[in-house]
Number of protein chains: 2
Amino acid sequence: MRSEDLAKLIGVSRSTITRVINNYPDIPQATREKVWKAIEKYNYAPNASARKLAGAKNKMIAIVVLDVKSDAPHHLKTTDDTLIHNNPFFAPVINAVSDQANKLNYYVIISIVYSREDLKKVESIFNQKMIEGAIFVGTQEEENEFIFKLIKQGYKIAMIDTSAVYSKEHNAIYINPDNYEGSAKAVNHLIELGHENIGIITGSLNKLSAKERLDGFKETLSYNGLKLSEDHIFQGDFTEDSGYEGIKYIFNASNMPTAIFISNDTMAIGAYKAITELGLTIPDDISIVGFDNSFIAPYLTPPLTTIDISFADIAKRATTLLINSIEAKEQNGIVEKINATLINRKSCKRI
Amino acid sequence: MRSEDLAKLIGVSRSTITRVINNYPDIPQATREKVWKAIEKYNYAPNASARKLAGAKNKMIAIVVLDVKSDAPHHLKTTDDTLIHNNPFFAPVINAVSDQANKLNYYVIISIVYSREDLKKVESIFNQKMIEGAIFVGTQEEENEFIFKLIKQGYKIAMIDTSAVYSKEHNAIYINPDNYEGSAKAVNHLIELGHENIGIITGSLNKLSAKERLDGFKETLSYNGLKLSEDHIFQGDFTEDSGYEGIKYIFNASNMPTAIFISNDTMAIGAYKAITELGLTIPDDISIVGFDNSFIAPYLTPPLTTIDISFADIAKRATTLLINSIEAKEQNGIVEKINATLINRKSCKRI
DNA sequence: CTGAAAGCGCTTACAG
DNA sequence: CTGAAAGCGCTTACAG
């Protein structure tokens, strides 16, 4: 059914149908009701392509998830040996974006990017005018040029879990976890439990999140008058293996720490293995705090005390701001951090 | 840039541009090349809405995930207290659909349905002519009417992880895991280890998957000349709690089994708890096989031997068949089952 | 082989 | 307050 058909059925012009649907002012209540009743009755819905072509917004955004293979804690194989995305952020982010967009009457196209080649396909989504804007997840510095070009073309862009540094003039929406606060909470927890000799396994320090987590760690330590000896810092790379190595390295130190802050849960898994191999037990011999509150954290033995950053909250906020920005027709640079909270489980002991 | 602009630039008509892009025959190679070169050079992409409006397919499908809250093993809360979808199938299914669609040059809209209300929104995606077809995940019998209506309207539909019974005349594409085969593999594994007295905790028997798993279990047992006593069957409902209760129930039997097949991993978690509470250990006192190979299975103590059904494979196959069906313009009913495989870990012992 | 023209179903000035 | 008409950027018969 076309608007014209519906119009004839109730004796108005199709302009009137459009006006009612799009909530134009100056339409008598009676007309409004007549039209809406007919819309319901005949289950009429305006053709999305026709609307968009005629100049209306199509209420479509994309969620673009950048390849996070290297960060994924576990790999599953599909039949043709491509990795599937098993990053713990994936499900909550997709879910929250979809739910929030839906709530605001928007539709979302999903796109997962594994390569430069794939980025071209994403570009074509914009070029074909399929969407008004997009949320990018996990971009690195390298993608900035691509993204800023899109913004210049008038598209609205939100970025979450970006490791690229924010630049005000580019007018993107940046929503990130408060990594600094998260580390601070981890350290404060340990200090409250009486720990004074605390080590750290960092993430890849070319990533913003790893840097912020390290900063929060160091500054909270020094704020509390505690020292950090060089051989209690191990630079990991967010992988399970580097967590394992980190423990082996730190436990070689002359003066062993009583607690270790590990910059993500994936590395904590490796750390647990190394600690078990050394014949030590958590938390009796060593207290551990992780970061991310990944889905496996409660299933480790002992359950891992860790920092929760709600990726659902981040994604939801990004979606809201993106859609606001689309409706407002103007993009203003926005930077927000989402709170981190400590999830207290069984991997720390009072000393 | 519009096709007309591009056409003028290289001295052809816009019909020619269209014909080259859409691979019409009878165009001289020279023209083809000239047009493609210009397309690349000016980064031209046809407007998706205009194409669709003019009658072309828009290469857009939807993945519709039905509310699986009740089945979800773990719940996370978003700020406004709505549950987020933490079902273990979610990520691999979305990922595989997106990847496969992308490979076939299709785009995918994601929609998560929590209520009847939400289903109306899904319907409007069709009514607005946004998509050519969709993959439904986790539909129940109740949604059948809705889905068959769509098929009658000419949309192509694939269904995965459906608990509704297949009906040939409705011409949908059904891709499901081979639950029967999975159970058979679980039982055979236990039999090979010497077990002859095997119990089962079933899922909700109003679900097809639970029924199939039970059938595979029973028939493999009897095929091997083994008996199943009534008090070794507990009817669970796929939740952790029912796994816990199942153990308590079965261990009350006069003649305790040496092994239990548990119809999903979530219930196995509850079973592990109950067994620990009873002061027994896995696998020394009792062998356990789960089903689903969920992401926590390897992190349980001991790591859970379970049946893997690749939801990525299922989703990928469904995507391929759906798109074939769209391109072929005709939908034929298709039913396929995807193989299940045993993942051997540490929860079973030879006796 | 290729161009001119109709038409897809809307939205939006333009009139009245 | 409301209708008639132009126009959005394509695709597809229709001619030639």
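Throughout, protein chains are lettered first and strands after them, A, B, ... in sequence-line order, and every chain is numbered starting at 1.
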**Asked** Going through the checks in order, is the side chain to side chain donor-acceptor pair (under 3.5 Å) test met by Y44(B) and D5(B)?
**Response** CA-CA 10 Å; Y44(B) 167 75; D5(B) 303 327; over 6 Å; no

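- Relative ring orientation between F136(A) and F146(A) is described as perpendicular, the plane-to-plane angle rising above 60° on a 0-90° scale split at 30° and 60°.
- In this structure, OG in S49(B) is found 6.0 Å from NZ in K52(A), a value given to the nearest 0.5 Å.
- The side chain of A54(B) lies closest to dC8(C), out of dC8(C), dC10(C), dT12(D).
- Computed from coordinates, the L53(B) CG to dA6(C) P distance equals 17 Å when rounded to whole Å.
- At most 12 heavy atoms of other shown residues, nucleotides or ligands fall within 6.0 angstrom of atom CD in E117(B).
- Between Y155(B) and F126(B), the ring planes lie perpendicular to each other; the angle is over 60°, past the 30° to 60° tilted range.
- The closest donor-acceptor contact from the side chain of N58(A) to the backbone of A48(A) lies at 3.5 Å or more, if one exists at all.
- T18(A) comes within 4.0 angstrom of a nucleotide base, judged by non-hydrogen atoms across all strands.
- You'll find that the side chain of D26(A) is closest to dC1(D), out of dT12(D), dC10(C), dC1(D).
- Under a 3.5 Å cut-off, the side chain of K121(B) and the backbone N or O of N102(A) do form a donor-acceptor pair.
- Rounded to whole angstrom, the span from the CE atom of M1(A) across to the P atom of dC8(C) amounts to 16 Å.
- Of the residues near DNA chain C, R51(A) and P25(B), the one whose nearest nucleotide (by heavy atom distance) lies more toward the 5' end is P25(B).
- The CD1-P distance, from I27(A) to dT2(D), rounds to 7 Å in whole Å.
- The side chain of Y24(B) contributes no N or O atom lying less than 4.0 Å from OP1 or OP2 of dT11(D).
- The NZ-C1' distance, from K57(A) to dT11(C), rounds to 13 Å in whole Å.
- Look at NZ on K8(B): it is 14 Å from C1' on dG3(C), rounded to the nearest Å.
- Residue N47(A) contributes atom CG, which lies 13 Å from atom C1' of dG7(C) at whole-angstrom precision.
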**Asked** Which string of ( ) [ ] | and . matches DNA chain C, if you list each base 5' to 3' and count Watson-Crick or G-U pairs only when both distances are under 3.5 Å?
**Response** |||.||||||||.|||

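- Atom CD1 of I17(A) and atom P of dG3(D) are 10 Å apart (whole Å).
- In this structure, S15(B) reaches the bases: a heavy-atom distance under 4.0 Å links it to at least one base atom across the strands shown.
- Taking 4.0 angstrom as the limit, Y44(A) places none of its side-chain polar atoms (N or O) nearer than this to OP1 or OP2 of dG9(C).
- Nucleic acid contact class of T31(A) (heavy atoms, under 4.0 Å, all strands): sugar-phosphate only.
- Place P28(A) and R14(B) on DNA chain D by their nearest nucleotides, and P28(A) ends up nearer the 5' end.
- Distance, I10(A) CD1 to dT2(D) P: 11 Å, rounded to whole Å.
- Between S13(A) and dT2(D) there is no side-chain N or O to OP1 or OP2 distance below 4.0 Å.
- Between Y106(B) and the choices T319(B), L322(B), I326(B), the side-chain contact (heavy atoms from CB on, under 4.5 Å) rule is met once, by I326(B).
- Nearest nucleotide to the side chain of R19(B), out of dA13(C), dA4(C), dT11(C): dA4(C).
- Distance from the side chain of T16(A) is smallest to dG3(D) among dC10(D), dG3(D), dC8(D).
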